[in-house]
**Q** 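Have a look at this one before I ask anything.
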Amino acid sequence: MNRRTLLALAVGAALLASGCTGTGGSAKGADAEAPDDPAEVSGTITVLTHRTDLVQDGTMKKYAAEFNRTYPKVKVEFDGITDYEGEVKIRMNTENYGDVLMIPSVIEKKDYPRFFASLGSEAERSKKYRFTDFTTVDGKVYGQSPLGALPGFIYNKKVWSQAGVTEWPTTPAEFLAGLKAIKSKTDAIPYYTNFKDKWPLSQWTGVNGSVGCDEQATTRLAEGNPWAEGADLRVADTLLYDIVREGLVEKDPTTTNWEASKPKLAKGEIATMWLGSWAVIQMQGAAKQAGTDPDDIGFMPFPAQKDGTFCAVTSPDYNQAVNVNSSHKEAARAWIDWFTDKSGYAKDNLALSPLKDAPLPGVLKPYEEAGVKLLELDDSKGAEVKSIDNQSEVGINKPDYRQELVDMARGARKGDPDDFLDGLGKKWTETQKSLGS
């Protein structure tokens with residue numbers, strides 16, 4: 001799940017300027033009704049997916065076989081696409097982009113009715129499902145994520161314990177002290193930036209909402225300065241800068257390697273990385289391959305509390321949608337409903353279920369036991385944030401500015417971090433004004 005899930009946690013990284021015009025407008029407002037009788041639903045549907053690994057190893061075929069126990073007359077074919085964003089963007093200039101697809105980040109939210117069939121009202125679906133707000137336009141929902149994730153620090157519990165840190169840090173200062181203890185008492189790299197692969201740096205935006213424990217954090221991005229003193233992103237980016245400045249990272253960030261980092265963390269050669277709950281299963285798998293204990297892999301929230309409580313933001317993976325031009329909307333809707341409700345896909349990936357009444361996955365049991373408050377951000381202003389980000393060229397969900405911050409912290413470029421972050425805030429707020437936000 002690595003890179004693609006990260007695209008999902010970067011909900012605002014749209015590229016509309018690259019030109020996806022589409023032809024779906026002819027069926028604007030079309031609905032994909034839930035079928036009444038599974039035995040009567042028929043047709044062959046093509047499901048576009050970024051999970052090429054699950055197509056290649058036969059996992060998706062197994063899901064389809066289970067689906068056919070309920071819907072025997074529907075044939076499901078999978079089209080696994082490696083460069084999902086790039087290729088699907090091109091396909092959507094035609095009507096031929098599968099029957100079911102993951103909504104690419106290139107599509108502006110306001111355009112969802114042009115390309116996708118409605119799954120029903122937000123008022124109704126939100127009673128049962130998480131994340132409906134992310135695909136709602138004018139009260140209708142156009143996509144549903146089959147799983148969710150939470151941002152956090154993946155860490156080697158054994159290494160942190162060897163350093164004498166057995167409780168989660170509650171402030172950035174405590175977290176830095178923990179990394180310093182790891183550096184002085186173990187041979188592990190306290191924190192690994194994954195600088196060269198770039199995309200892990202964009203994960204730090206996932207802190208937004210956690211520091212202030214604020215479900216309106218996205219709205220505050222649309223209306224305020226993300227790097228104001230005390231703002232969540234200011235706190236996050238300052239911590240990243242301090243970690244690097246204090247020499248608590250790998251010797252040369254330009255030589256990092258994402259794939260190689262997994263077994264290194266599993267074996268205790270790396271102590272900590274900021275990623276998300278989606279990465280736990282990968283690190284545990286690396287531990288099994290390395291012959292180390294998968295239970296050594298831990299997951300901790302960002303070191304900040306509100307009224308003595310940690311908070312963590314839940315985020316959707318790619319949202320599945322029905323092509324508005326599909327000739328088999330009923331069968332496509334059946335697949336989305338079954339895959340979301342019955343497939344066990346979220347459980348198989350140790351991920352957060354989109355079903356509100358589902359139990360938390362095992363990897364989040366420590367969160368549950370510690371009373372971490374899970375937040376689902378109000379995304380009603382998500383489209384405005386995307387527009388501000390695109391026009392300001394700040395790249396709030398891209399790695400570029402954080403690479404500059406890391407370079408500054410390690411002395412590879414000149415600059416003052418406060419001036420740098422103030423500059424980002426100025427570009428952001430000036431763009432807000434120009435757009436009338």
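Values in this document were obtained by computation on a predicted structure and should not be read as measured data.
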**Q** Is there a donor-acceptor pair closer than 3.5 Å between any side-chain N or O of Ser161 and the backbone N or O of Lys157?
**A** no
**Q** Between Asn323 and Gly98, which heavy-atom pair has the shortest distance, and what is it?
**A** ND2-O, 2.8 Å
**Q** If you compare all heavy atoms of Tyr142 against all heavy atoms of Ile103, which two are closest, and at what distance to 0.1 Å?
**A** O-CD1, 3.9 Å
**Q** Could you go through the side chain to side chain donor-acceptor pair (under 3.5 Å) check for Gln320 and Thr340 one step at a time?
**A** CA-CA 9 Å; Gln320 283 196 316; Thr340 305; 4.8 Å; no
**Q** Is there a donor-acceptor pair closer than 3.5 Å between any side-chain N or O of Ser202 and the backbone N or O of Trp199?
**A** yes
**Q** So, Lys183 side chain and Gly247 main chain: donor-acceptor pair closer than 3.5 Å or not?
**A**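 Checked: pair present.
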**Q** Test Lys381 against Asp133 for salt bridge (charged side-chain N to carboxylate O under 4.0 Å, His left out), laying out the working first.
**A** CA-CA 10 Å; Lys381 296 249 178 167; Asp133 197 30; over 6 Å; no
**Q** Is any side-chain N of the basic residue among Lys386 and Asp389 closer than 4.0 Å to the acidic one's carboxylate O?
**A** no
**Q** Are there over 12 heavy-atom neighbours, none belonging to Asp83, within less than 6.0 Å of that residue's CG?
**A**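 Buried by this count: over 12 neighbours within 6.0 Å.
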**Q** Go through it in stages, so that I can follow the logic: the residues are Glu376 and Thr314, the test is side chain to side chain donor-acceptor pair (under 3.5 Å), and I'd like the CA-CA distance, side-chain angles, deciding distance and then a yes or no.
**A** CA-CA 5 Å; Glu376 184 175 338; Thr314 61; 4.9 Å; no
**Q** Do you know the tightest heavy-atom contact between Ala271 and Val159?
**A** CB-CG1, 3.8 Å
**Q** Check for me whether Arg410 meets the cation-pi criterion with Phe195, that is, NZ or CZ under 6.0 Å from the six-membered ring centre and within 45 degrees of the ring axis.
**A** yes
**Q** Apply side chain to side chain donor-acceptor pair (under 3.5 Å) to Arg125 and Thr136, showing your working.
**A** CA-CA 10 Å; Arg125 289 187 64 84; Thr136 296; over 6 Å; no
**Q** Mind running ring pair (Phe, Tyr, Trp, His ring centres under 6.0 Å) on Phe310 and Tyr367 for me, showing each step along the way?
**A** CA-CA 9 Å; Phe310 287 108; Tyr367 273 42; 8.2 Å; no
**Q** Any chance CG of Asp416 has more than 12 other-residue heavy atoms, nucleotides or ligands included, within less than 6.0 Å?
**A** yes
**Q** Looking at Arg91 and Asp79, does any basic side-chain N land under 4.0 Å from a carboxylate oxygen?
**A**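 Yes, Arg91 and Asp79 are salt-bridged.
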**Q** According to the interplanar angle, ranging from 0 to 90°, do the rings of Phe67 and Trp338 count as parallel (below 30°), tilted (30 to 60°) or perpendicular (above 60°)?
**A**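 Geometry flag for Trp338 against Phe67: perpendicular rings.
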**Q** Any non-hydrogen side-chain atom of Val244 less than 4.5 Å from a side-chain atom of Asp407?
**A** no
**Q** Between Tyr318 and Glu85, is the side chain to side chain donor-acceptor pair (under 3.5 Å) condition met? List the steps.
**A** CA-CA 11 Å; Tyr318 267 135; Glu85 289 280 324; 2.4 Å; yes
**Q** On the 0 to 90° scale, with breaks at 30° and 60°, tag the Trp428-Trp227 ring pair as parallel, tilted or perpendicular.
**A**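 Perpendicular: the ring planes of Trp428 and Trp227 meet at over 60°.
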**Q** Might you work through the salt bridge (charged side-chain N to carboxylate O under 4.0 Å, His left out) test for Glu404 and Arg413, ending with a clear yes or no?
**A** CA-CA 8 Å; Glu404 293 180 41; Arg413 63 174 287 161; 3.1 Å; yes
**Q** Should the heavy atoms of other residues, nucleotides or ligands under 6.0 Å from NZ of Lys356 be counted, would the total exceed 12?
**A** yes
**Q** Assess whether a salt bridge exists between Asp418 and Arg234, defined as any Lys/Arg side-chain N lying under 4.0 Å from an Asp/Glu carboxylate O.
**A**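 The answer is yes: the pair qualifies as a salt bridge.
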**Q** So Trp335 and Phe78, ring pair (Phe, Tyr, Trp, His ring centres under 6.0 Å) or not? Walk me through it.
**A** CA-CA 12 Å; Trp335 170 260; Phe78 299 99; 5.7 Å; yes
**Q** So for atom CD, which belongs to Glu174, do other residues, nucleotides or ligands contribute more than 12 heavy atoms lying within a distance under 6.0 Å?
**A**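 Yes.
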**Q** Step by step, work out the side-chain contact (heavy atoms from CB on, under 4.5 Å) result for Tyr84 and Leu48.
**A** CA-CA 9 Å; Tyr84 188 83; Leu48 307 189; 4.1 Å; yes
**Q** Can you tell me if Asn257 and Tyr192 form a side-chain donor-acceptor pair at under 3.5 Å?
**A** no
**Q** So, the side chain of Thr218 versus the backbone of Asp379: is there a donor-acceptor pair under 3.5 Å, distance only?
**A**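 Pair absent, no side-chain N/O of Thr218 close to backbone of Asp379.
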**Q** Which atom pair, heavy atoms only, marks the closest approach of Val394 to Leu424?
**A**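 Minimum heavy-atom contact is CG2-O, 4.1 Å.
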**Q** Checking side-chain contact (heavy atoms from CB on, under 4.5 Å) for the pair Thr309/Cys213: CA distance, chi angles, key distance, verdict?
**A** CA-CA 9 Å; Thr309 300; Cys213 201; 5.8 Å; no
**Q** Might you point out which heavy atoms bring Val363 and Val280 nearest each other, and give the distance in Å?
**A**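 Closest pair (atom of Val363, atom of Val280, distance): CG1-CG1, 3.4 Å.
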**Q** Is the closest side-chain donor-acceptor distance between Asp378 and Ser380 under 3.5 Å?
**A**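 On atom types as modelled, these side chains qualify, holding a pair under 3.5 Å.
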**Q** Is a donor from one side chain sitting under 3.5 angstrom from an acceptor on the other, for Asn319 and Tyr112?
**A**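 No, no side-chain donor-acceptor pair sits under 3.5 Å.
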**Q** Is Arg333 salt-bridged to Asp99, cutoff N-O under 4.0 Å?
**A** no
**Q** Determine whether Gln144 and Thr132 satisfy the following criterion, side-chain contact (heavy atoms from CB on, under 4.5 Å), listing intermediate values before the conclusion.
**A** CA-CA 7 Å; Gln144 178 61 57; Thr132 54; 4.0 Å; yes
**Q** Taking CG in Asp57 as the centre, count heavy atoms belonging to other residues, nucleotides or ligands within less than 6.0 Å. Is the count above 12?
**A**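 It does: Asp57 CG has more than 12 such atoms within range.
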**Q** Considering the options Phe153, Tyr155, Trp168, Phe302, which one meets the ring-ring contact (aromatic ring centres under 6.0 Å, His included) requirement together with Phe175?
**A** Phe153
**Q** Looking at Asn156, is its backbone amide N or carbonyl O close enough to the side chain of Asp296 to form a donor-acceptor pair, meaning the two atoms are under 3.5 Å apart?
**A** no
**Q** Just by modelled atom types, is the Leu221 backbone N or O under 3.5 Å from a matching donor or acceptor in the Gln432 side chain?
**A** yes
**Q** Verify, without hydrogens or angle tests, whether Asp197 (side chain) and Trp258 (backbone) share a donor-acceptor contact under 3.5 angstrom.
**A** yes
**Q** Side chains of Thr238 and Leu421: closer than 4.5 Å at any heavy-atom pair?
**A** yes
**Q** Trp204 side chain to Ala236 main-chain N or O, any donor-acceptor pair under 3.5 Å?
**A** no
**Q** Identify the two heavy atoms, one from Ala64 and one from Val76, that lie closest to each other, and give their separation to 0.1 Å.
**A**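 Residues Ala64 and Val76, closest heavy atoms: CB-CB, 4.1 Å.
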**Q** Quick one: does Thr256's side chain have a donor or acceptor within less than 3.5 Å of a partner on Lys196's backbone?
**A**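 Yes; at least one donor-acceptor contact below 3.5 Å.
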**Q** Show your working on side-chain contact (heavy atoms from CB on, under 4.5 Å) between Phe131 and Leu147 and close with a plain yes or no.
**A** CA-CA 9 Å; Phe131 313 128; Leu147 53 79; over 6 Å; no
**Q** Checking the side chain of Thr135 only, and the main-chain atoms of Gly143 only, is there a donor and an acceptor separated by less than 3.5 Å?
**A** yes
**Q** Under 4.0 Å between a Lys/Arg side-chain N and an Asp/Glu carboxylate O for Lys433 and Glu430?
**A**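 Judged by the 4.0 Å cut-off on N to carboxylate O distance, Lys433 and Glu430 do not form a salt bridge.
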